[in-house]
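Structure record follows, encoded as structure tokens.
Order of the sequence lines sets the chain letters (A, B, ...), proteins ahead of strands, with each chain counted from 1.
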Number of protein chains: 2
Amino acid sequence: MSNLKGRGHCQSCQIRHLSIFAQLPMDRLIEIQAFQPSVVTYAADETVYYQGDASLNAFTLRKGLVKLIKTLPNGRTQIVRVLRTGDLFGFDGFAGESYNHTAIPLSEIEVCRLPLAELTELKKQNAEIENTMMKRWIQHLREAEDMMLELGAKKAAERLASFLIRWCENNNGGWVPLPLSRAEVGELLGLTIETVSRFLSDWKRQGFLNEQRGSIQLENVDGLRKAVCANGSC
Amino acid sequence: MSNLKGRGHCQSCQIRHLSIFAQLPMDRLIEIQAFQPSVVTYAADETVYYQGDASLNAFTLRKGLVKLIKTLPNGRTQIVRVLRTGDLFGFDGFAGESYNHTAIPLSEIEVCRLPLAELTELKKQNAEIENTMMKRWIQHLREAEDMMLELGAKKAAERLASFLIRWCENNNGGWVPLPLSRAEVGELLGLTIETVSRFLSDWKRQGFLNEQRGSIQLENVDGLRKAVCANGSC
DNA sequence: CGGCTAATTGAGACTTCTCAACTCCAGTGG
DNA sequence: CCACTGGAGTTGAGAAGTCTCAATTAGCCG
């Protein structure tokens, strides 16, 4: 089961600069000392919440990665987002809605559990929080639009290549952890395990990338791009 | 060219109940009288703004329909959203970003042009506006997630059927305007013109739906669902 | 080492796209 | 009023892409 690690203290929080409280000046931070959200850990594959659950808490991811998924009655699954440290999720309750997706850790994670009722108050009293959240929603929306373009307008190889390139950007040619199974990459890109595997194998054979134990290295991004996205498709 | 129709007066606005000012009490509305956004008309296919343009204005759609599209360098296009009366769009500037998509009318439209600088002020001073906008962003995000599931996890027929069913819901078996060409339906669902046309023709022949001059009638939703979504896939 | 799961690979089926021809319809101009 | 025209939609045939099923291999943990 999930495990309550204790109460969080925003003032001393290591990842506050990544959180929705990043812009909050120190004096406000001291004032809201009373707000001590729970820090909770979840094991890999231990669901944080299910689609349809009442959205009473939002979460900030402190450690690890989380996938947000939606599932069709017939079992087909789509990953709608992969969360990283500092990301806020589970805020559907702000719109009076229940969770629209299921949140599942990709590894052991640590989150900060923020009761929406309290967060609403804080947000009301601190324009910086409100503002930071707004910017994030807009960014998420933009990313979602980008993803629709990926899913709707690109072929398998293009989707996979541009996903890898995005995943590895800012790591010029180095090794990057990719803690997603073939199945999960497929669920993210709307492809089957086999299709993902085939292209990755091809590209490894062609020397575009290397892989070992959950890490990946893009050795020749330009080559990959030229081979896959001939017409500027990714 | 687009045509400035005059200044809008929120107090007397016919569609205010659908806008982000819907929750604003009348006395606040009187106070913000100075805010008189421009009402502008655009002809069909006359672009409101382009992806990449600086986002200085947001818009509220007053009349007509708008499509938001993203285009790949090779010309393939994805419609990321179809807007209806009352919808707010073009707010990327709130996050310090330029427009992430191109906004094109599907027919002659009328919009209310809201300078972001002024809207920011109003929002700051009126929690109701802030709140309404927040709810809408969250709703948009939810719809975007739903769309990712459509695009990533469903087959052509399933996407098309569930699109039609959604488009026609709340119009039990009646005629519903569908001002989208086959190409546009395709761009929305990630399909080609021909694929869209084939399924629609099939379904017309099977008596699931009728069509004439830009309107559609779902005659047998259950039949359609049973034929297409056998395993609960839409 | 054995046993399990994930990943790979192949073959064939199925879906969707591409290209091309044709039809239908609305609008135009004679 | 009607023939013409151009665009949108339809339909067919074949190609390409992706999936499905099945067999095999690789990698990890006990």
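When the C1' atoms of four end pairs are superposed on the next four at each end of the helix from C:dC1-D:dG30 to C:dG30-D:dC1, using five pairs per end, the two resulting axes differ in direction by 30°, to 10°.
A salt bridge between A:R84 and A:D87 is absent, with no side-chain N of the basic residue lying under 4.0 Å from a carboxylate O of the acidic one. A:E150 has no carboxylate O lying under 4.0 Å from a charged side-chain N of A:K155, or vice versa, which leaves the two without a salt bridge. Between A:E219 and A:K204 there is no salt bridge, since no side-chain nitrogen of the basic residue lies less than 4.0 Å from a carboxylate oxygen of the acidic one. Salt bridge B:E145/A:K70: absent, no basic N to carboxylate O contact under 4.0 Å. A salt bridge does not link B:E187 with B:R182: none of the charged nitrogens is closer than 4.0 Å to a carboxylate oxygen.
In this structure, the CG atom of B:L151 is 17 Å from the C1' atom of D:dT18, given to the nearest Å. When the C1' atom of C:dT9 is taken as reference, atom CH2 of A:W203 falls 17 Å away, rounded to whole Å. Going from atom CG of A:L160 over to atom P of D:dT18 covers 11 Å, rounded to whole Å. Between A:R76 atom CZ and D:dT18 atom P the separation is 17 Å, expressed in whole Å. Taking atom CG of residue B:D202 and atom P of nucleotide D:dT11, one finds them 9 Å apart after rounding to whole Å. Atom pair B:R182:CZ and D:dG7:P shows a separation of 18 Å (rounding to whole Å applied). Atom-to-atom, CD of A:E184 to C1' of C:dA7 comes out at 14 Å; the value is rounded to the nearest Å. Rounded to whole Å, atom P of C:dA7 lies 12 Å from atom CD of A:E187.
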Give the B/S/- string for nucleotides 14-21 of chain C, one per nucleotide from 5' to 3', where a protein heavy atom under 4.0 Å of the base yields B, of only the sugar-phosphate yields S, and otherwise -. --SSBB--

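Without hydrogens or angle criteria, B:S162 side chain to B:E158 main chain gives a donor-acceptor distance under 3.5 Å. B:N3 places no side-chain N or O within 3.5 Å of a backbone atom of B:T41 that could act as its donor or acceptor partner.
When the side-chain nitrogen and oxygen atoms of A:R213 are compared with OP1 and OP2 of D:dG27, none of them lie within a distance under 4.0 Å. Applying the 4.0 Å criterion to OP1 and OP2 of D:dT11, one finds that B:R205 has a side-chain N or O inside that range. At least one side-chain nitrogen or oxygen of A:S201 sits closer than 4.0 Å to the OP1 or OP2 atom of C:dT9.
A donor-acceptor contact closer than 3.5 angstrom links the side chains of B:E97 and A:Q139.
Among B:F59, B:F94, B:W137, the one residue that satisfies the ring-ring contact (aromatic ring centres under 6.0 Å, His included) test with B:F89 is B:F59.
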